Every structure is written in structure tokens, then in C-alpha cells.
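Just below is one structure, and these are the notes that go with it.
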Number of protein chains: 2
Amino acid sequence: MTDRLPHPLRSDALDNRERILDAARALFATEGLNVPMREIARHAGVGPATLYRRFPTKQMLATEAFADEMRACHVLVEEGLAEPDPWRGFCLVIEKTCELHARSRGFTEAFMSTFPEAMDFAAERAYALRSIAELANRAKDAGHLRPDFVLDDLILMLMANRGIHTISKTARVAASRRFAALVIQAFRASPQHSPLPPVARLSPAAPGKVM
Amino acid sequence: MTDRLPHPLRSDALDNRERILDAARALFATEGLNVPMREIARHAGVGPATLYRRFPTKQMLATEAFADEMRACHVLVEEGLAEPDPWRGFCLVIEKTCELHARSRGFTEAFMSTFPEAMDFAAERAYALRSIAELANRAKDAGHLRPDFVLDDLILMLMANRGIHTISKTARVAASRRFAALVIQAFRASPQHSPLPPVARLSPAAPGKVM
DNA sequence: AGCCAACCGGACGGGGGCGTCCGTTAGCGT
DNA sequence: ACGCTAACGGACGCCCCCGTCCGGTTGGCT
């Protein structure tokens, strides 16, 4: 599940690889994607060359390091879709997504910023967005989601949730929980809401050099 | 209104000073506070030494560069307070604040992150928050703002609004307008909202090195 | 046990930002 | 018109990060 045929990797190499991934996960989570490669290497007790040998580019490292989160994201969306009540499913997805993103600063950055080069995340992200759009439409039909909701609003919320990455981790997941609740309140259909200002195209987001 | 007595500044020096501030405003707005000092100098058509002579630290430069925004922020809050309907005033403050922050990435960073060292912004920020708290209480009493709103929720929203700084400026102010509308919807008192998750302490925000 | 290839990490050169020094230029007061 | 001095900016040394090369080490197979 990890590598292809070319080399089964020697035992010490495989051990290092694992320690590198652990260090990367920890540092990406707390510091974001901008941690120096060498810092990761140091933290893993490994020379810079070894790090570069295993993961020639930071992108490849990030892809492997965030595989778990990526899977969690996929699962979370499917759970939302499976929920019989679409509005409940929609809420679940928002809550879980906010929490997931609150837990790792690096994951948020990787997930949000369509990478400079092609990124495996893009496909997964597209899948998630498509599924949520489906869910949103069902929730609208059921009359629980405000009719003027558009998918870009969700992206807006994800970008916004990204903004809370300036506080300690514990406070952050608490904050993002409350944030999710407020977001849900904002999206809930209500007799008293006034028309929303027009949407802005967000999708071709220029991420401005993340890696 | 600009400098103290020690030196009335020579004409060319004053001219350079002005061009530096212009460049700083432009670059801070688009690139954020992390632009290299030299880039500002280059953009102003000035040597690095001149820049450092006028503004020994980036913090001083930022303080001067954002004086207008700071004033605008002050005025905006006072307008909100002056509004006869507190809920309307509250909404106005949110809308205007979001727009103000959407217009300059650097201002958001400066305003939000209690600077590493003491910052003149802190006082202004404290004033704004105090005033908004006052406004919020009035809006609660009038029954338009949800009773479980706390000031930290507003900070949360500001931090979130900061998250949208990854898109082009035009799209950004549109996005932040819509964001503000959604935020207002989230804060409005409503019979159907469920209890919010507990707040997290945000104020002693560890900004993690901004300058 | 012994060998070989896979693997390791220290060291190197390049690039960029930082804050400061100093020889030169030019504003301004007489 | 002249000179004094504030003001200028190119150049310097420092540090950190980047990605790669190479001589020494060690796992694993025979």
C-alpha cells in the first residue's frame, strides 16, 4: 500500500522513511507547510540528503503525510451522503470538516491551495465538493438549507476556517467547533433573512505560492 | 501631524518618505506584511539605507502606513455607536469592518496579531472591541442579537475573514461582503437556533511571528 | 564470514533577506 | 555663489534555506 515494485527498501531505510513521515506530520500540523525541509530532517534524526532521497519534493512528502487526513475527509463526506436527513448530513460534513482542518494547519493549506503543480489532493477535493453540492441540493429541496446557498459559500467558509490558525491547537478545535455552529446557523433556511450580496468566483483561486 | 520637532526634514527626504509610504501601502495591501523591506525600497525608487533611516523597523513603517485605515476603523465604530438602532449599528460595523479588512491584507495581519512587540494598534483595537461590546449588549437587550453571543465570536469572525486573503482583491471584497451578510445571519437572534459549543479564549492570541 | 550494493549524513555552493557602514550628492541658509 | 551638513544609495558581512555530491557505513544475501 506504500510503494511500487522498483525497490522493496532496506529495513533501515524504511524505518527512516517512517520517522520522516511522523516528523513531517507533526511539523506540518503545528507550523504549516512552510517548515524548512531541514527542520523536518532534524526532527526525524536524519540527514537532509536522506529526506530528499525519500521525498524529492515537499509536495510528495505532504501527499504521503496527509494520506490519513485525506482518507478521513473522503469517509466524512460519504457519511454525510449516507445520512437519511440531508440537512443533518450537510451539518455533519461542515462540523467534521471544520474540526479536521482545525487539527492540522498544514492539511488546511494543502487542501485549500490547488497546488502550484498538479496535486493528488485536487481530485479528492473535487470529489468532496461534488458530493457536498449534491447534499446541498437535497437539503435545499427539503427546505432546510437557504435557497440562495451556492457551493462557493462553502469554499468561503473553508477559507475562513483557515483564518483561525493563529491560536493554540486546543483552543483552535474549540473555536472551529463554535465556528461550525455559527456557519450552520448562517446557512439554515429562515423566513427573516435578507438577500445575500452576489457571489464572487473563488474556484480559480490564486494561492500565491504555498510550497 | 507627521513628525516631532527634532528635525523638520529636508524637502527631498520628505518626498522620499512619502514615496516609501505609498509603496509600503501598496505592497502591504497586496502581499501582506511579509514583503521584504528591500522590495518596498525598490518599489519606492530608494536605497535600502534610506528606508531604514526613515523607518528603523517594519513595525514603525506599518504603523504610519496604516494610519488611514486605523482612522477609518475608529470612525466606523463611532458611526455604529451613533446609530439609533443598535442592531443596525452592529450590522454596519461588521459590514464595514469586513470590507476594510478585505481591502488590505497587511492591515488585517497588523490589526489582528497583537504584535510581537508593543504596537500602537493594540490600543485602537481595544477601543474598537470595547465599543462593539457595548453595541452588542444594546443589540441583545433590543432582542435582535442572539443572547449567547460573546465578543470572542466577533474576533473569531475577524480571524475567519482573514482567511479569505487568497483571492484577487476585487473578488475578495465581494466575497467579504457576502461573508459579512452570512455572519450577520449567524448572529441574528432566532427562535430556532440550538445552543452553541463553548467559546475558546482567543484574546492572548499567540500570533506566531508576523514581523 | 564476507562481499556488494543500498543507504547514510556531513559538507558544499548558490541565492536571498537582513541591518549597517561610508564615500558621494545635493538641499538650504547665508 | 558658497559651503555646511543632512540625506542618499551601493556595497558589505551575516545568517538561513535550498538541493546535491561524495566518502564512509551497514543491512542482507550467499
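Here the structure is a predicted model, which means the values were calculated and not measured. Throughout, protein chains are lettered first and strands after them, A, B, ... in sequence-line order, and every chain is numbered starting at 1.
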Next on the checklist: Using a heavy-atom cut-off of 4.0 Å across all strands, would you classify Ala13(A) as base, sugar-phosphate, or nothing?
Outcome noted: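 Sugar-phosphate contact only.
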
Next on the checklist: Taking 4.0 Å as the cut-off, does a side-chain nitrogen or oxygen of Arg54(B) come that near to OP1 or OP2 on dC8(D)?
Outcome noted: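 Answer yes for this pair, as a side-chain N or O of Arg54(B) is under 4.0 Å from OP1 or OP2.
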
Checklist entry - Does OP1 or OP2 of dG9(D) have a side-chain N or O of Thr50(B) closer than 4.0 Å? => result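 For dG9(D), OP1 or OP2 has a side-chain N or O of Thr50(B) closer than 4.0 Å.
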
Checklist entry - For residues Thr108(A) and His165(A), is any side-chain donor paired with an opposing acceptor at under 3.5 Å? => result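 Yes, because at least one side-chain N or O of Thr108(A) sits under 3.5 Å from a partner of the opposite role on His165(A).
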
Checklist entry - In which stems does DNA chain C show up, taking only runs of three or more Watson-Crick or G-U wobble pairs whose two distances fall under 3.5 Å? => result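 If one scans DNA chain C for consecutive Watson-Crick or G-U pairs, the stems found are C:1-30 with D:1-30.
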
Next on the checklist: Under 3.5 Å, is there any donor-acceptor pair linking the side chain of Arg53(B) to the base of dG9(D)?
Outcome noted: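 Side chain to base: pair present.
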
Next on the checklist: Check the orientation of Phe90(A) and Trp87(A). Use parallel for under 30°, tilted for 30 to 60°, and perpendicular for over 60°.
Outcome noted: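 The arrangement is parallel - the two ring planes meet at less than 30°.
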
Next on the checklist: Just the rounded figure in Å: distance from C1' of dC8(D) to CZ of Arg19(B).
Outcome noted: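 After rounding, the reported distance stands at 12 Å.
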
Next on the checklist: Taking the side chain as everything from C-beta on, heavy atoms only, tell me whether Arg162(B) gets closer than 4.5 Å to His101(B).
Outcome noted: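 Sidechains of His101(B) and Arg162(B): no contact.
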
Item to check | Salt-bridge present (Lys96(B), Glu79(B); N to O < 4.0 Å) | outcome: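 Yes, this pair counts.
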
Item to check | Nucleotide range of DNA chain C lying under 4.0 Å from chain B heavy atoms | outcome: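 So the outermost contacting nucleotides come out as dG17(C) to dC28(C).
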
Checklist entry - In terms of the nearest nucleotide of DNA chain D, which residue is placed more toward the 5' end: Arg10(A) or Glu39(A)? => result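 Comparing both residues, the 5'-ward one is Glu39(A).
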
